Amino acid sequence: MAKYKEVAEDMQRKIRAHAFGKKLPTEKELLEMYSVSRNTIRSAINILVKQGYIHKIQGSGLYINKKTIGDRNVLNLAVKIGLSRVLPEHSITSKLLNFGLISADKKLASNFSCDIGTPIYRVKRLRFIDNHPLSIEDSYYNKNIIKYLNEDIAKNSIYSYIENDLKLEIRFSDEYISVKPLTDEECEHLNVQKGSSSLMIREINYLKSSIIFNISETLYNNDQIVLYTPVQRD
């Protein structure tokens, strides 16, 4: 993982632990704290600004946005590092509903921009936050890009494995938000009333090289989640 990303994640953890108070330390103090270059600190700060964790007030400093932290119900769509790392103060666990290797059909091949027959990992998980059912995540990973997955990895943080073990840099995603009626089985998994509907987010995730490595559809327990996304205006 790039050094500026490591610094950004550590700063994010400190923000969520309320270690900085209302304001981020000055650039000089951060340089001393992390013993890195000025460019590394500035790149880390830019990540936190884009993620909505901090905002700049000209001539005054970098202020922490309290509305983005401390509430397990808030899912920050701008943070693409996996639930386990974005919510370290909460217990994030997974139950595998389906795991296997399939061949890309015409639809999957089109979505991944790959050949029909390309090996694809399918990972379907029921995810919990502090033992409460949070979401049903149905994900597909191109095996030509993500060379190896197993059930143990799938039960934990797949994104951490991709970045830390495979040394691949996850860069950006396209997200499509809709509402989907739940099946009786999905209602049972999420512990909601039969006939309920769910917020669904479809993601197409890219590496730094702009290659699609993952496509997923996630159904959320509406009682457990509020979506947040920062918007910057020029």
Side-chain angles (χ1 to χ4, degrees), residues 1-92 141 145-147 153 156-175 201 203-214 216 226-234:
M1 185 187 302
K3 189 64 179 179
Y4 73 93
K5 286 191 172 184
E6 290 182 15
V7 172
E9 283 197 30
D10 187 72
M11 290 167 66
Q12 185 188 98
R13 284 192 291 269
K14 286 182 168 62
I15 288 171
R16 297 190 70 86
H18 307 284
F20 292 139
K22 294 181 180 180
K23 289 179 66 175
L24 217 59
T26 65
E27 185 178 273
K28 181 180 179 181
E29 290 169 333
L30 290 171
L31 285 170
E32 293 175 354
M33 183 183 301
Y34 289 103
S35 300
V36 294
S37 70
R38 192 177 302 274
N39 284 340
T40 297
I41 290 296
R42 290 180 176 177
S43 294
I45 287 172
N46 284 337
I47 287 178
L48 295 182
V49 170
K50 290 177 181 178
Q51 292 176 343
Y53 279 95
I54 59 176
H55 59 274
K56 299 178 181 179
I57 297 182
Q58 193 68 30
S60 181
L62 297 163
Y63 286 80
I64 292 167
N65 183 359
K66 297 291 186 181
K67 293 182 179 179
T68 65
I69 61 175
D71 188 343
R72 79 172 195 193
N73 296 84
V74 176
L75 178 64
N76 189 337
L77 295 180
V79 181
K80 307 305 297 179
I81 61 175
L83 282 176
S84 299
R85 285 153 67 190
V86 77
L87 297 171
E89 67 272 34
H90 298 289
S91 170
I92 305 296
Y141 295 86
I145 311 300
I146 309 303
K147 300 292 187 181
I153 295 168
N156 294 288
S157 175
I158 297 176
Y159 271 30
S160 291
Y161 165 73
I162 289 171
E163 290 199 317
N164 297 332
D165 292 81
L166 299 184
K167 307 299 182 184
L168 298 174
E169 185 173 348
I170 300 168
R171 180 52 64 92
F172 63 97
S173 66
D174 296 324
E175 295 185 344
I201 300 181
E203 294 185 17
I204 303 174
N205 294 300
Y206 301 80
L207 298 178
K208 182 180 180 180
S209 58
S210 297
I211 293 174
I212 299 171
F213 73 94
N214 163 247
S216 67
V226 174
L227 298 182
Y228 165 80
T229 184
V231 177
Q232 299 182 57
R233 302 190 187 280
D234 296 329

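Every value quoted in this text rests on a predicted model; they were computed, and no experiment measured them. Heavy atoms only: backbone and side chains are in, while hydrogens, waters and symmetry mates are out.
- By the salt bridge (charged side-chain N to carboxylate O under 4.0 Å, His left out) test, Asp174 is found to be paired with no residue, residues two or more places apart in sequence or in another chain being considered.
- The shortest distance between side-chain heavy atoms of Lys208 and Leu168 does not fall below 4.5 Å.
- At a threshold of 4.5 Å between non-hydrogen side-chain atoms, the residues Ile57 and His55 count as touching.
- For Lys23, the side-chain hydrogen bond (donor to acceptor under 3.5 Å, both in side chains) criterion is met by no residue, not counting sequence neighbours.
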Worked verdict on Tyr34 versus Glu6 for side chain to side chain contact (heavy atoms under 4.5 Å, CB included)
CA-CA 10 Å; Tyr34 289 103; Glu6 290 182 15; over 6 Å; no
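- If you take CD1 on Ile41 and CD on Glu32, they are separated by 10.5 Å, rounding to the nearest 0.5 Å.
- Distance alone, capped at 3.5 Å, is enough to place a donor-acceptor pair between the Glu29 side chain and the Thr26 backbone.
- Legend: residues meeting ring-ring contact (aromatic ring centres under 6.0 Å, His included) with Tyr206, ordered by chain and number and at least two apart, are Phe172.
- For the pair Ile170/Glu163, a side-chain contact is recorded, criterion being any heavy-atom separation below 4.5 Å from C-beta on.
- Thr40 is linked by a side-chain contact (heavy atoms from CB on, under 4.5 Å) to Lys3, Tyr4, Val7, Val36, Ser37, counting only residues two or more places apart in sequence or in another chain.
- Between the NZ atom of Lys167 and the CD atom of Glu169 there is a distance of 12.5 Å, given to the nearest 0.5 Å.
- With sequence neighbours excluded, the residues forming a side-chain contact (heavy atoms from CB on, under 4.5 Å) with Lys56 are Ile45, Asn46, Val49, Leu62, listed by chain and number.
- How far OH of Tyr53 is from CD1 of Ile47: 12.0 Å, rounded to the nearest 0.5 Å.
- Between Leu48 and Ile15 there is a side-chain heavy-atom pair separated by less than 4.5 Å.
- Side-chain contact, Tyr159 with Asn205: a donor N or O sits under 3.5 Å from an acceptor N or O.
- Interatomic distance, Leu24 CG to Lys14 NZ, rounded to the nearest 0.5 Å: 11.0 Å.
- Considering only heavy atoms from C-beta on, Tyr161 comes within 4.5 Å of Leu166 through its side chain.
- Put simply, CD1 on Ile146 and CG on Asn214 are 8.0 Å apart, with the number rounded to the nearest 0.5 Å.
- With sequence neighbours excluded, the residues forming a side-chain hydrogen bond (donor to acceptor under 3.5 Å, both in side chains) with Glu27 are Arg38, Arg42, listed by chain and number.
- Ser209 is linked by a side-chain hydrogen bond (donor to acceptor under 3.5 Å, both in side chains) to nothing, counting only residues two or more places apart in sequence or in another chain.
- Side-chain contact check for Ile54 versus Phe20: every heavy-atom pair is 4.5 Å or farther apart.
- Applying the side-chain contact (heavy atoms from CB on, under 4.5 Å) test to Lys147 and every residue at least two apart in sequence or in another chain returns nothing.
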